[in-house]
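Heads up, the thing below is written out as structure tokens.
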Amino acid sequence: MTTRHIIFDLDGTLIDSMPVWRNTGKRYLENHQIPIPDNLLSVMKKQTLPQTAEFFRRELGATQSVEEICREVISYVADQYAHSIPLKPFVREYLEAEKQKGTKMCILTASEASYIHLALERLNILPYFDFVATCTEVGATKDKPEVFYQIMHRLGGTLENTIVFEDAYYAIKGAKDGGFTVYAIADATSESETALIRETADQYITSYQTLLSY
């Protein structure tokens with residue numbers, strides 16, 4: 001039997017952290033008296049934190065350095081990653097079931113290592129994964145297939161035996177453009193793109209419970 005490989009996104013896919021991010025960019029801009037664009041959350045979802053900081057500088061007029069912006073934003077979210085952000089329902093059960101089957105699993109996230117590990121360690125799910133990679137560390141974003149190829153090879157998988165789990169349309173499309181099988185995880189912050197997500201992904205999952213019978 002061929003070993004299955006899974007590349008998981010983190011925010012909005014494994015953990016219910018998107019409500020935190022919904023207000024984080026707004027909070028930073030309000031604190032610095034910078035007008036808030038209507039597309040703020042959709043922009044932030046597609047970028048690493050340093051890229052978002054550069055967007056704040058280049059497009060919105062923020063005067064702090066990229067490093068200062070990142071440090072301030074991380075100060076907003078780190079406590080919630082450390083203490084309150086939960087797993088999405090039935091995630092632990094699904095990870096355990098896949099581990100028992102011998103599935104090789106990893107995380108690829110646009111978030112930063114400095115705060116995500118606070119949640120991963122508190123929730124005690126690190127043992128399920130071969131490794132955790134961030135887009136910043138890899139030097140690529142998820143709107144193109146290359147980052148998924150790189151992580152697939154590191155995990156030891158092939159296109160035929162690797163599944164990508166994502167919640168955001170841009171990343172779902174990036175993986176599908178590369179020929180991956182993609183499972184889309186429903187998340188409230190992606191509701192405006194649900195039709196596109198359903199059309200693009202191989203499966204649309206409203207709860208991991210539905211996968212436990214596979």
Side-chain angles (χ1 to χ4, degrees), residues 7-88 106-123 125-126 129 131-144 146-148 150-151 154 166-175 187-193:
I7 301 170
F8 285 99
D9 174 50
L10 180 63
D11 297 283
T13 298
L14 292 175
I15 63 175
D16 194 12
S17 54
M18 295 314 296
V20 171
W21 287 104
R22 188 191 301 275
N23 294 316
T24 295
K26 179 181 177 183
R27 178 178 173 184
Y28 176 86
L29 296 176
E30 285 177 340
N31 285 350
H32 293 270
Q33 293 80 53
I34 298 171
I36 300 166
D38 293 337
N39 66 338
L40 179 61
L41 184 59
S42 64
V43 170
M44 291 183 68
K45 283 187 71 168
K46 297 176 183 177
Q47 298 179 330
T48 65
L49 183 53
Q51 288 173 328
T52 295
E54 187 54 49
F55 169 76
F56 286 177
R57 285 171 48 82
R58 184 182 66 252
E59 303 294 335
L60 305 183
T63 57
Q64 288 185 303
S65 69
V66 167
E67 292 76 15
E68 289 170 332
I69 294 171
C70 290
R71 190 158 53 244
E72 185 170 333
V73 169
I74 289 171
S75 75
Y76 300 158
V77 302
D79 183 70
Q80 295 181 74
Y81 275 79
H83 297 108
S84 61
I85 291 172
L87 288 172
K88 300 194 89 167
C106 69
I107 291 173
L108 171 63
T109 176
S111 289
E112 304 301 320
S114 59
Y115 54 84
I116 62 168
H117 279 274
L118 299 173
L120 294 172
E121 290 166 8
R122 171 177 56 83
L123 295 166
I125 59 171
L126 277 173
F129 303 106
F131 60 88
V132 177
T134 73
C135 289
T136 297
E137 293 165 348
V138 175
T141 53
K142 297 181 181 181
D143 55 341
K144 299 289 193 297
E146 285 73 22
V147 68
F148 295 104
Q150 184 172 338
I151 297 304
R154 181 175 169 186
E166 285 281 354
D167 69 300
Y169 172 67
Y170 85 98
I172 291 166
K173 185 177 185 303
D187 190 77
T189 58
S190 300
E191 282 181 354
S192 64
E193 297 180 313

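None of the values given here were measured: they were computed from a predicted structure.
To the nearest 0.5 Å, atom OH of residue Y169 and atom OG of residue S192 are 12.0 Å apart. The CD atom of E146 sits 9.5 Å away from atom OG1 of T141, with the distance rounded to the nearest 0.5 Å. Rounded to the nearest 0.5 Å, atoms CD (E166) and CG (D187) are 11.5 Å apart. If you take CE on M44 and NZ on K26, they are separated by 13.0 Å, rounding to the nearest 0.5 Å. For the atom pair E67 CD and E72 CD, the distance stands at 13.5 Å (nearest 0.5 Å). In this structure, the separation between OG1 on T24 and CD on Q80 is 6.5 Å, given to the nearest 0.5 Å.
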For this session: Could you please spell out the steps behind the side chain to side chain contact (heavy atoms under 4.5 Å, CB included) verdict for H32 and T63?
Result: CA-CA 9 Å; H32 293 270; T63 57; over 6 Å; no

For this session: Quick one: do T109 and D11 satisfy side chain to side chain contact (heavy atoms under 4.5 Å, CB included)? Show the steps, please.
Result: CA-CA 7 Å; T109 176; D11 297 283; 3.7 Å; yes

Problem set entry | Residue pair L108, C135: steps toward the side chain to side chain contact (heavy atoms under 4.5 Å, CB included) verdict | CA-CA 7 Å; L108 171 63; C135 289; 4.3 Å; yes

Exercise. Where do D9 and K142 land on the side chain to side chain contact (heavy atoms under 4.5 Å, CB included) test, with the steps shown first?
Worked result: CA-CA 10 Å; D9 174 50; K142 297 181 181 181; 2.9 Å; yes

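Between the side chain of H83 and the backbone N or O of D79, at least one donor-acceptor pair lies under 3.5 Å. With hydrogens and angles ignored, the 3.5 Å screen pairs a side-chain donor or acceptor of E137 with a backbone N or O of T134. Listed for the Q33 side chain is a donor-acceptor partner under 3.5 Å among the backbone atoms of N31. Judged by distance alone, with hydrogens and angles left aside, the side-chain atoms of T48 form no donor-acceptor pair with the main-chain N or O of T136 at under 3.5 Å.
Checked against side chain to side chain donor-acceptor pair (under 3.5 Å), E68 has the following partners two or more places apart in sequence or in another chain: S65.
In this structure, Y76 and N23 have side chains that are not in contact, with every pair of non-hydrogen atoms separated by 4.5 Å or more. The side-chain heavy atoms of P37 and L29, taken from C-beta on, include a pair separated by under 4.5 Å. You'll find the side chain of L40 reaches within 4.5 Å of the side chain of F56, heavy atoms only. No side-chain heavy atom of T52 sits under 4.5 Å from any side-chain heavy atom of V43. Between F8 and I125, every side-chain heavy-atom pair lies at or beyond the 4.5 Å cut-off. Side-chain contact between I151 and F131 is present, with heavy atoms from C-beta onward closer than 4.5 Å. Taking the side chain as every heavy atom from C-beta outward, I36 and L60 never approach each other to under 4.5 Å. In this structure the side chain of L120 reaches within 4.5 angstrom of the side chain of L10, judged on heavy atoms.
Other residues, nucleotides and ligands contribute only 12 or fewer heavy atoms inside 6.0 Å of the NZ atom of K46.
Between L126 and E121, the shortest heavy-atom distance links the atoms CD1-CG, 3.6 Å. Of all heavy-atom pairs between G12 and K88, the closest is O-NZ, 2.9 Å. Across all non-hydrogen atoms, the minimal contact from E112 to P50 is OE2-CD, 3.4 Å. Contact between I69 and A62 at its shortest, heavy atoms only, is CD1-CB, 4.0 Å. I116 approaches Y81 most closely through the heavy-atom pair CA-CD2, 4.0 Å.
Ring pair Y115/W21 is tilted by interplanar angle, where 30° to 60° counts as tilted.
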